[in-house]
Structures are given as structure tokens and as C-alpha cells.
Amino acid sequence: KEADQEFENSRIKNAPPSLSLEKYEGIYTCEIYGDVKISYKEDALWLDMTHTEIFKAKLEHFHYNTFLVKFEDVPSLPQGTVTFTINSNGEAESLEIFIDNPDFDFTEFNFIKSDK
């Protein structure tokens, strides 16, 4: 509970996304994992780790380029974050997934936006 409260306190209230949500859309590829698809629908971003059926989730904006993610089909995983990196041209260039979990380290993946 204490860590959750500390995380919530780190939120910069009313900080909008740096880009319109449609600009985050695309395929992000990692040599280790493969593709993650970010889609814009129903006025929200959706994450789909395309090699499995269970790692799909709606992203909730947290602040700036960070979004909350909760994989409902994997109740043992806590809520985490998806953070996008914006390049010097003002475009989404990469993303990082962080979920505090000893069994599966999402931060090992380096997802770079591709032209697929």
C-alpha cells in the first residue's frame, strides 16, 4: 500500500499526453519478444503483445508519456506502466513496459517503433 501511495503521489496532476493519442499508435518491435501493437480506438490506447492472447490491455493515461497498464487476464500481475519515448521530431519512437514482478521482467524488452 505504501509503494502504491508513493507511486500515485509521483503523478503530475493534469499533465496531458505530449502527443495526441493517435500519434502513439503503431507497431513497436523488440528482437527478443517481437511485436507490440498500440491501437487507438474508443478514445483510448490499447496494447496488444501480439504473441499471446493474455497480454492485451487498455492503457489509462497517467501523466505525459506514461500510461497505466493492467492485464486483466493475468490477475497475478500488478498494475504497471507503459512509457513512450518521444524523439526530436516530436514522434513516438519507442516504449518501455514496467511491471513490478519477480517472474517476468518486461524491462528486458527494447520496443522500437517500426514501419510495419
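Start at 1 with the first residue, then count along the sequence. None of these values were measured; they are calculated from a predicted model.
- Thr29 OG1 to Asn110 CG: the interatomic distance, rounded to the nearest 0.5 Å, is 10.5 Å.
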Practice item. Starting from the C-alpha separation in whole Å, work towards a yes-or-no answer on side-chain contact (heavy atoms from CB on, under 4.5 Å) for Thr85 and Asn65. Key: CA-CA 7 Å; Thr85 301; Asn65 298 314; over 6 Å; no
**Study point:** Audit row: Ile38, Tyr28, side-chain contact (heavy atoms from CB on, under 4.5 Å) steps and yes/no
**Key:** CA-CA 8 Å; Ile38 300 294; Tyr28 296 76; 3.6 Å; yes
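- To the nearest 0.5 Å, the span separating OG1 on Thr50 from CG on Asp35 amounts to 4.5 Å.
- Applying the salt bridge (charged side-chain N to carboxylate O under 4.0 Å, His left out) criterion to Lys56, with sequence neighbours excluded, gives Asp48.
- The shortest non-hydrogen separation linking Pro78 to Asp100 is CG-O, 3.1 Å.
- Grouping the Ile, Leu, Val, Met, Phe, Trp and Tyr side chains by contacts below 4.5 angstrom, directly or via other members, places Ile54 with Phe106.
- In this structure, Ile32 and Glu108 approach most closely via the heavy-atom pair CD1-O, 3.7 Å.
- One hydrophobic cluster holds both Ile86 and Leu47 under the rule that ILVMFWY side chains link at heavy-atom gaps under 4.5 Å.
- Under a hydrophobic clustering in which Ile, Leu, Val, Met, Phe, Trp and Tyr are joined whenever their side-chain heavy atoms come within less than 4.5 Å, directly or via other members, Trp46 and Leu21 fall into different clusters.
- A donor-acceptor pair under 3.5 Å is formed between the side chain of Glu25 and the backbone N or O of Tyr40.
- Counting non-hydrogen atoms of other residues, nucleotides and ligands closer than 6.0 Å to CD of Glu22 gives a total above 12.
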Exercise for review: Show the numbers, then the answer: is there a side-chain contact (heavy atoms from CB on, under 4.5 Å) between Val82 and Val36?
Suggested key: CA-CA 11 Å; Val82 174; Val36 166; over 6 Å; no
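- Looking only at distances, a side-chain donor or acceptor of Lys70 sits under 3.5 Å from a matching main-chain atom of Leu77.
- Remark: Phe71 pairs with Phe55 by the ring-ring contact (aromatic ring centres under 6.0 Å, His included) rule, at least two apart or across chains.
- Counting only heavy atoms from C-beta outward, the side chains of Tyr33 and Thr52 approach each other to under 4.5 Å.
- In this structure, Lys23 and Lys113 approach most closely via the heavy-atom pair O-NZ, 3.4 Å.
- No more than 12 heavy atoms of other residues, nucleotides or ligands sit less than 6.0 Å from atom OH of Tyr64.
- Residues Glu96 and Thr107 share a closest heavy-atom pair of CD-CG2, 4.3 Å.
- Shown here are the ring-ring contact (aromatic ring centres under 6.0 Å, His included) partners of Phe67, two or more places apart in sequence or in another chain: Tyr24, His61, Phe84.
- Without hydrogens or angle criteria, Asn87 side chain to Asn89 main chain gives a donor-acceptor distance under 3.5 Å.
- Closest approach of Leu19 and Ala92 over heavy atoms only: CD1-N, 3.7 Å.
- Residues Ala57 and Val69 share a closest heavy-atom pair of CB-CG2, 3.7 Å.
- To the nearest 0.5 Å, atoms OG (Ser18) and CD (Glu91) are separated by 13.5 Å.
- Thr81 places no side-chain N or O within 3.5 Å of a backbone atom of Thr83 that could act as its donor or acceptor partner.
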